Amino acid sequence: MASTLKAVGRNVLFGLLMAPAFPIAMAAQPSHPSQKVTVLKVNNGQEVLVEINGEGRAVRLACIQAPLEQQQPWANQARTALSNALPQGSVVEMELRARDVYGRVVARLLKEKIDIASPLISGGQVFAYDGYLGRCDDLNYPRLERQAQRSKAGLWAVEGGLSRPWDLIEASGRQTQP
């Protein structure tokens with residue numbers, strides 16, 4: 001009887017330990033609506049003006065945060081890197097993630113099926129930002145950021161570290177816009 005109870009206890013414990021992993025393993029990758037858009041202009045290191053259905057719309061790149069304008073030269077470096085990746089007239093796939101409080105479309109952009117933000121994170125031009133309530137779970141941005149930190153790429157070379165833009169926005173009482 002004691003050995004049966006031990007076996008049952010082990011099975012229950014195993015089931016409890018494995019239960020949280022099961023739904024994660026079985027969960028499908030989120031499906032995000034997407035469409036082709038044309039780049040009209042790069043506004044800063046995280047925002048692009050694109051043509052959507054004949055209209056110009058601001059698109060904020062999902063799951064990243066560029067240095068703020070007062071964080072020079074890093075803000076200009078982020079803008080330049082994004083401009084080089086997305087020259088005017090580029091046709092890209094826009095994968096909708098959300099809309100933000102400023103009315104912008106929040107999306108991941110892919111050029112020839114290659115994610116635009118990944119090299120910006122790897123090169124230390126921008127921060128990985130998970131402030132979109134789970135809309136970033138399927139992206140490897142945190143891993144890319146850790147690699148950039150270890151190699152002291154871009155803004156990660158700043159002695160003592162660069163203030164996170166979201167901390168500066170919060171400290172300003174949200175007077176500063178991302």
Side-chain angles (χ1 to χ4, degrees), residues 22-69 71 74-148 153-155 164-170 172 174-178:
F22 183 72
I24 293 168
M26 297 302 291
Q29 288 295 322
S31 175
H32 302 281
S34 65
Q35 71 181 83
K36 297 275 186 200
V37 297
T38 303
V39 174
L40 301 174
K41 176 185 168 192
V42 170
N43 293 336
N44 58 43
Q46 67 189 27
E47 184 182 288
V48 180
L49 183 66
V50 301
E51 183 181 327
I52 302 174
N53 302 326
E55 293 183 17
R57 292 292 307 268
V59 174
R60 188 209 191 286
L61 292 180
C63 312
I64 67 165
Q65 177 71 53
L68 300 177
E69 197 57 38
Q71 294 181 291
W74 311 108
N76 284 342
Q77 290 176 7
R79 179 186 304 111
T80 299
L82 187 55
S83 294
N84 290 339
L86 293 175
Q88 184 177 4
S90 298
V91 175
V92 296
E93 188 76 19
M94 180 185 72
E95 183 183 88
L96 182 64
R97 294 290 174 133
R99 295 195 190 279
D100 71 7
V101 297
Y102 303 103
R104 299 176 293 192
V105 171
V106 178
R108 188 168 79 125
L109 298 179
L110 299 109
K111 187 175 178 185
E112 298 172 5
K113 299 188 188 226
I114 298 171
D115 179 52
I116 293 299
S118 291
L120 299 177
I121 297 167
S122 294
Q125 277 86 33
V126 299
F127 296 93
Y129 177 67
D130 64 356
Y132 288 105
L133 303 175
R135 303 284 183 185
C136 305
D137 293 350
D138 60 325
L139 302 173
N140 66 346
Y141 294 176
R143 181 180 60 78
L144 295 174
E145 184 177 80
R146 286 189 301 274
Q147 290 171 345
L155 55 84
R164 303 303 189 269
W166 51 88
D167 291 337
L168 295 175
I169 292 167
E170 195 65 35
S172 76
R174 298 213 165 265
Q175 297 299 310
T176 304
Q177 290 188 3

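Bear in mind the structure is a predicted one, so any value in this text is a computation, not a measurement.
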- Message: side chain to side chain donor-acceptor pair (under 3.5 Å), that's the test. Do R60 and Q65 meet it? Break it down for me.
- Response: CA-CA 9 Å; R60 188 209 191 286; Q65 177 71 53; 2.8 Å; yes

- Not counting sequence neighbours, list each pair that qualifies as a side chain to side chain donor-acceptor pair (under 3.5 Å) and has a residue in residues 117-128. D115-S118

Please name the pair of heavy atoms, one in [X] and one in [Y], separated by the smallest distance, quoted to 0.1 Å.
X	Y	answer
C63	Y141	O-CD1, 3.4 Å
V42	L86	CG2-O, 3.9 Å
L82	N44	CD2-O, 3.4 Å
L68	A75	O-CB, 3.2 Å
A117	I64	CB-CG2, 3.8 Å
G103	R57	O-NH2, 3.4 Å

- Item | E47 with R104: basic N within carboxylate O range, under 4.0 Å | yes

- Using a strict 4.0 Å threshold on nitrogen-to-oxygen distance, state whether D138 and R108 make a salt bridge. no

- Should E51 and T38 be marked as a side chain to side chain donor-acceptor pair (under 3.5 Å) after you check the CA-CA gap, both sets of side-chain angles, and the distance that decides it? CA-CA 5 Å; E51 183 181 327; T38 303; 5.2 Å; no

- Task: Could you check if a side-chain atom of I121 sits within less than 4.5 angstrom of a side-chain atom of E145, using non-hydrogen atoms only?
- Result: yes

- Item | Atom CD of Q35 with >12 non-hydrogen neighbours under 6.0 angstrom | yes

